[in-house]
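The chains referred to below are lettered A, B, ... by the order of the sequence lines, with proteins before strands, and numbering in each begins at 1.
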Number of protein chains: 2
Amino acid sequence: MSTFQDNFINILKTNGLSITRQRQLLFDLLQDQDPLSMNELTELVGTTIDRASVYRIIATFEETGIVRRISIGWKFKIELSEAFVAHHHHLTCLSCQLVVPINQEKLESFISELADINNFQPIQHQVEIQGYCQRCQANRNIA
Amino acid sequence: MSTFQDNFINILKTNGLSITRQRQLLFDLLQDQDPLSMNELTELVGTTIDRASVYRIIATFEETGIVRRISIGWKFKIELSEAFVAHHHHLTCLSCQLVVPINQEKLESFISELADINNFQPIQHQVEIQGYCQRCQANRNIA
DNA sequence: TTAATAATTGCAATTACGTCGCATTTATCT
DNA sequence: AGATAAATGCGACGTAATTGCAATTATTAA
Ligand SMILES: [Mn+2]
Ligand SMILES: [Mn+2]
Ligand SMILES: [Zn+2]
Ligand SMILES: [Zn+2]
């Protein structure tokens with residue numbers, strides 16, 4: 001059984017990258033949370049990691065497949081990649097920013113079917129649904 | 001039968017907006033082309049429209065429903081709205097940037113089904129597939 | 001355990017993107 | 001054509017992201 005942490009270390013070593021305090025901290029932040037924007041990441045690390053380093057580390061995380069970017073409301077956020085968490089998409093609430101993961105095999109196969117029909121070799125795809133969650137719908141009716 | 005141009009004029013008039021050289025030019029650019037980024041738009045208009053005006057005009061185009069934003073490769077692009085062209089999504093080639101529209105009712109109903117399942121009131125959604133088009137796949141095999 | 005070396009980071013400067021206030025120009029209405 | 005309100009251009013500004021380089025830190029091998 002390989003924990004997230006072991007997996008993380010392995011990917012770094014495989015790619016000849018050092019395990020630094022900065023990389024470890026950013027990885028830790030991404031482990032338990034919802035997807036985070038670059039702004040949220042830089043704010044969470046405060047002065048303990050320079051802004052430029054945050055950008056550089058996330059870039060190498062992307063290149064080595066530790067994280068992936070997902071599209072949320074015209075900007076991207078970062079979350080752990082398929083090496084850690086099963087592939088999925090997101091439903092987001094326009095009012096309270098709640099993020100709900102979507103895990104639907106039927107959606108995935110439909111997407112690759114669409115690529116096939118158009119003679120495309122599919123590499124990646126993004127599906128994003130925005131709306132109002134149950135709670136926010138209820139609050140709207142009251143107000 | 002109402003042409004794109006008539007429709008455009010009507011929307012402006014309905015909203016009490018003037019028909020200016022700048023608005024007309026931006027609309028013309030969006031008529032024949034694929035979706036365009038803000039950068040592509042400002043470059044296309046060159047010095048004939050100030051950058052600030054391009055942003056302001058596109059903002060009013062969005063507010064009045066003349067254009068909509070779509071997500072392509074982690075940034076948004078602008079294209080004519082459903083008032084001109086039927087709702088659709090896009091398949092884009094990572095190599096030659098070819099953009100192919102996707103028009104699939106089955107996809108649309110599947111999306112709203114997903115919102116339902118999670119008790120979300122759906123407002124908007126983005127679906128985006130990236131890969132290699134037929135031509136670029138062929139070129140890769142040769143090289 | 002320490003020294004060498006190569007990678008990584010912090011810092012400061014720079015670029016890119018988008019916004020804003022205000023004076024000038026332009027479209028619209030009479 | 002002239003009056004009026006709207007829209008644009010210009011310059012300044014704010015924030016996000018990138019870069020070069022010197023200082024620091026992790027890794028490897030003695
Ligand atoms: Mn997720
Ligand atoms: Mn389109
Ligand atoms: Zn909500
Ligand atoms: Zn192609």
Do you see a donor-acceptor pair shorter than 3.5 Å between the side chains of Gln130(B) and Gln126(A)? yes
Is there a chain of hydrophobic side chains (I, L, V, M, F, W, Y, each step under 4.5 Å between heavy atoms) that links Leu17(B) to Ile11(B)? yes
For DNA chain C, whose closest nucleotide is more 5', that of Ile19(B) or that of Asn39(B)? Asn39(B)
Distance only, no hydrogens: is a donor on one side chain within 3.5 Å (strictly under) of an acceptor on the other, for His90(B) and Glu79(B)? yes
Does one side chain, of His87(A) or Gln124(A), offer a donor that lies under 3.5 Å from an acceptor on the other? no
So Thr42(B), base contact, sugar-phosphate only, or nothing? Heavy-atom distance under 4.0 Å. nothing
Span of DNA chain C, from the first to the last nucleotide whose atoms fall under 4.0 Å of chain A heavy atoms: dA7(C) to dC11(C)
Which parts of residues 56-78 of chain A get close to DNA chain D, meaning a heavy atom less than 4.0 angstrom away? Arg56(A)
Let me spell it out: for each of Arg51(B) and Arg21(B), pick the nucleotide of DNA chain D with the closest heavy atom. Which residue's pick is nearer the 5' end? Arg21(B)
Donor-acceptor side-chain pairing of Asp28(A) and Gln24(A) below 3.5 angstrom: yes
When all nucleic acid strands are considered with a 4.0 Å heavy-atom cut-off, which category describes Ser37(B): base, sugar-phosphate, or nothing? nothing
Could you verify whether a donor N or O on one side chain and an acceptor N or O on the other, from Glu108(A) and His125(A), lie under 3.5 Å apart? yes
Return the orientation label for the Phe76(A) and Trp74(B) ring planes: parallel under 30°, perpendicular over 60°, tilted otherwise. perpendicular
Both Leu17(A) and Asp50(B) contact DNA chain C. Taking the nearest nucleotide for each, which residue is further toward the 5' end? Leu17(A)
Is Thr20(B) close enough to dT8(D) that one of its side-chain N or O atoms is under 4.0 Å from OP1 or OP2 there? yes
Any chance you could lay out the salt bridge (charged side-chain N to carboxylate O under 4.0 Å, His left out) test for Arg68(B) and Glu62(B), step after step, and finish with the verdict? CA-CA 6 Å; Arg68(B) 62 176 189 137; Glu62(B) 286 188 76; over 6 Å; no
